[in-house]
Amino acid sequence: MPDPLIAWINRLIDDPKNFDAHLKGRSVLVYEPVAAPEDSSAGHRLRTSSGITGTVIGGGDPVVAVLEKSKDNVFQRRVTMGRTTNNDIVLDDASVSRFHGWLQKDDGSGKWTLTDAGSKNGTWAASQKLAAKKPVILENGTRLKVGNLELTFYTAQGFRTLIQQRAAG
């Protein structure tokens with residue numbers, strides 16, 4: 001079975017310098033859908049409106065969302081997540097609130113935080129449910145749950161390492 005992140009593996013193999021330049025200083029969220037039973041019609045879709053990746057509709061496909069602000073979002077320093085298209089990262093799933101939460105990079109430490117905006121179905125980081133409007137610091141490889149969608153947060157270096165491991169495996 002081919003690796004679901006094959007396009008990113010190919011980018012790294014084909015042009016490692018461009019791969020690194022593309023991710024320089026940027027973190028990513030990776031969505032790898034869990035295979036649903038064949039008789040299930042409940043698939044998850046994810047798309048992102050970030051400027052680099054353009055709009056991507058998952059439809060059950062893996063997605064890598066580079067964390068950056070879109071030009072149209074009113075929150076200057078926050079990368080917003082939610083079900084509606086005015087978010088920086090649009091999570092197209094009924095379990096996700098219209099404005100579910102946000103990610104924000106701390107200018108001093110360079111670390112990213114995740115904050116739940118008071119969503120109906122909750123947000124988790126490393127299996128811990130977040131309290132509304134209380135940011136938590138994200139580390140490389142932190143597993144996130146936004147509504148029913150499961151994602152993983154990676155730093156640029158952590159994502160490169162993941163892709164290298166997948167390429168070698």
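Position 1 is the first residue of the sequence, and the numbers go up from there.
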Looking at OG1 of Thr84 and CZ of Phe99, how far apart are the two atoms once the value is rounded to the nearest 0.5 Å? 9.0 Å
Just by modelled atom types, is the Gln104 backbone N or O under 3.5 Å from a matching donor or acceptor in the Thr113 side chain? yes
Could you grab the distance from atom OG of Ser27 to atom NZ of Lys111, nearest 0.5 Å is fine? 10.0 Å
Leu144 side, atom CG; Trp124 side, atom CH2 - distance, nearest 0.5 Å: 12.0 Å
Does Ala131 have any side chain to side chain contact (heavy atoms under 4.5 Å, CB included) partners at least two apart in sequence or in another chain, and if so, which? Lys134
Full working for side-chain contact (heavy atoms from CB on, under 4.5 Å) between Gln164 and Leu12: CA-CA 8 Å; Gln164 286 174 313; Leu12 177 62; 3.5 Å; yes
Kindly compute the distance separating CZ (Arg78) from CG (Asn87), expressed to the nearest 0.5 Å. 12.5 Å
Under the side chain to side chain contact (heavy atoms under 4.5 Å, CB included) rule, collect the residues that match up with Asp15, sequence neighbours excluded. Lys17, Asn18
Quick check: are there more than 12 heavy atoms from other residues, nucleotides or ligands sitting under 6.0 Å from CZ of Arg143? yes
Charged N to carboxylate O under 4.0 angstrom, Asp116 versus Lys129? no
Once you round to the nearest 0.5 Å, how far does OG1 of Thr80 lie from CG of Leu103? 9.0 Å
Show me the pairs that pass salt bridge (charged side-chain N to carboxylate O under 4.0 Å, His left out) and involve residues 158-169, at least two apart or across chains. Asp3-Arg166, Asp20-Arg160, Glu32-Arg166
Qualifying residues under side chain to side chain contact (heavy atoms under 4.5 Å, CB included), relative to Ala156, sequence neighbours excluded: Leu23
With Arg11, which residues qualify under side chain to side chain contact (heavy atoms under 4.5 Å, CB included), at least two apart? Trp8, Phe19, His22
CG/Leu151 to CE/Met81 distance, rounded to the nearest 0.5 angstrom? 7.5 Å
Mind checking ring pair (Phe, Tyr, Trp, His ring centres under 6.0 Å) for Tyr154 and listing every partner two or more places apart, or none if nothing turns up? none
